Amino acid sequence: MGIRILVIEDDEEIADFVVRGLREEGFVVERAADGDAGWHALQNGPWDVVVLDWWLPGPDGLTLLRRFRQSGDESPVLFLTARDAVSDKVRGLDQGADDYLCKPFDYEEFLARVRALSRRQAKSTGTVLAHADVRIDLTTHRAERNGQRLDMTAKEQALLVFFLRHPDEVLSRTRIYEQVWDERYDGISNTLEYHVMEVRRKLEAHGPRLIHTLRGRGYLFGERPDVGPIS
């Protein structure tokens, strides 16, 4: 689902600020709070960008970076740390970091650096999702249908990305909600239905229906849903 970013940061306030900000920009973000959890998460990638603190409980950031590179993974890594000495920057970059930003930091600069790293990764992995006449560039966050740009919120685009990754597949409301909203589905909220309605409306402004409601089962994204009663 979209550009996947791993944040390894033990400071709760900084981590919350960074994770919320990145999610608002439409990135898919996970966080690890110490070195051991960070190494486990690194091994369970792939990640498009890794944001890494140096001082961590357990293995520190430099140790994680060294292991990560020794494992052969070349995913972009941004050191985000209070260690601002030139010698530390040199060590971090020499061990395999792609960028280095010192705390305290300006969020807009941080976001620009993350975007730059994700674009670099896109050149080697490819980040365009497409089905029928709908496409999304995950790096630029540009969504189109039939060549026409779609003006979508970050959450609407995340929902469309999920559909594009699972075309012609019956998707339950629970599965969609828990993947896109990263929360347990309570079966009561109409948040999902509202967002599906908005995505459907924007898509249908440029072509026939692609998101179909399957009664009692969920949704299907595709051109010919021959899977039972639809609406």
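Index from 1, following the sequence. Since we're looking at a predicted model, the values are computed, not measured.
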Novice: Side-chain contact, heavy-atom cut-off 4.5 Å: V134 with L210?
Specialist: yes
Novice: Do D73 and L42 make a side-chain contact, defined as non-hydrogen atoms from C-beta onward lying under 4.5 Å apart?
Specialist: no
Novice: Would you call the rings of Y177 and W181 parallel, tilted or perpendicular if under 30° counts as parallel and over 60° as perpendicular?
Specialist: parallel
Novice: Is there a side-chain contact between F162 and I176 (heavy atoms, below 4.5 Å)?
Specialist: yes
Novice: Can you tell me how the ring of F105 sits relative to the ring of F110, calling it parallel under 30°, perpendicular over 60° and tilted otherwise?
Specialist: tilted
Novice: May I ask you to check whether S118 and R113 show a side-chain donor-acceptor distance below 3.5 Å?
Specialist: no
Novice: So, does D60 use its side chain to make a donor-acceptor pair with the main chain of W55 at under 3.5 Å?
Specialist: no
Novice: Give the ring-plane orientation class for H131 versus F221, where under 30° counts as parallel, over 60° as perpendicular and anything between as tilted.
Specialist: tilted
Novice: Have a look at I8 and tell me which of V77, V51, L52, D53 forms a side-chain contact (heavy atoms from CB on, under 4.5 Å) with it.
Specialist: L52
Novice: Does the side chain of L203 come within less than 4.5 Å of L160's, by heavy atoms?
Specialist: yes
Novice: Could you check whether any side-chain heavy atom of T81 comes within less than 4.5 Å of a side-chain heavy atom of Y100, counting everything from C-beta outward?
Specialist: yes
Novice: So does D137 pair up with R142, basic N to acidic O under 4.0 Å?
Specialist: no
Novice: Should the pair D48-R4 be classified as a salt bridge under the 4.0 Å nitrogen-to-oxygen rule?
Specialist: no
Novice: Between S75 (side chain) and W47 (backbone), is there a donor-acceptor pair under 3.5 Å?
Specialist: yes
Novice: Take L22 and V7, measure what side chain to side chain contact (heavy atoms under 4.5 Å, CB included) needs, and give me the verdict at the end.
Specialist: CA-CA 10 Å; L22 290 172; V7 176; 4.2 Å; yes
Novice: Keeping the roles fixed (side chain from K155, backbone from V180), state whether a donor-acceptor pair exists under 3.5 Å.
Specialist: yes
Novice: Shared ILVMFWY cluster between L101 and V90, side chains joined below 4.5 angstrom?
Specialist: no
Novice: Let's go through D98 and R69 carefully: what are the C-alpha distance in whole Å and the side-chain angles of both, what is the deciding distance for salt bridge (Lys or Arg N to Asp or Glu O under 4.0 Å) to 0.1 Å, and is it a yes or a no?
Specialist: CA-CA 11 Å; D98 298 271; R69 293 303 185 224; 2.9 Å; yes
Novice: Please check: side-chain N/O of D106 versus main-chain N/O of E108, any donor-acceptor pairing under 3.5 Å?
Specialist: yes
Novice: Do you reckon L220 sits in the same ILVMFWY cluster as M197, going by side-chain contacts under 4.5 Å, direct or chained?
Specialist: no
Novice: Would you confirm whether R83, through its side chain, and D88, through its main-chain N or O, come within 3.5 Å as a donor-acceptor pair?
Specialist: no
Novice: Answer yes or no: is there an ion pair linking E25 with R115, defined by an N-O contact shorter than 4.0 Å?
Specialist: yes
Novice: With a 4.5 Å cut-off on side-chain heavy atoms, are F163 and L171 touching?
Specialist: yes
Novice: Could you check whether any side-chain heavy atom of E193 comes within less than 4.5 Å of a side-chain heavy atom of R173, counting everything from C-beta outward?
Specialist: yes
Novice: Is there a donor-acceptor pair closer than 3.5 Å between any side-chain N or O of E156 and the backbone N or O of T153?
Specialist: yes
Novice: Quick one: does H166's side chain get under 4.5 Å of R175's, heavy atoms only?
Specialist: yes
Novice: Please evaluate residues L150 and E144 with respect to the criterion side chain to side chain contact (heavy atoms under 4.5 Å, CB included), reporting the C-alpha separation (whole Å), side-chain torsions for both, the decisive distance (0.1 Å), and the verdict.
Specialist: CA-CA 5 Å; L150 303 174; E144 298 178 349; 5.5 Å; no
Novice: Would you say E9's side chain and A33's backbone share a donor-acceptor pair under 3.5 angstrom?
Specialist: no
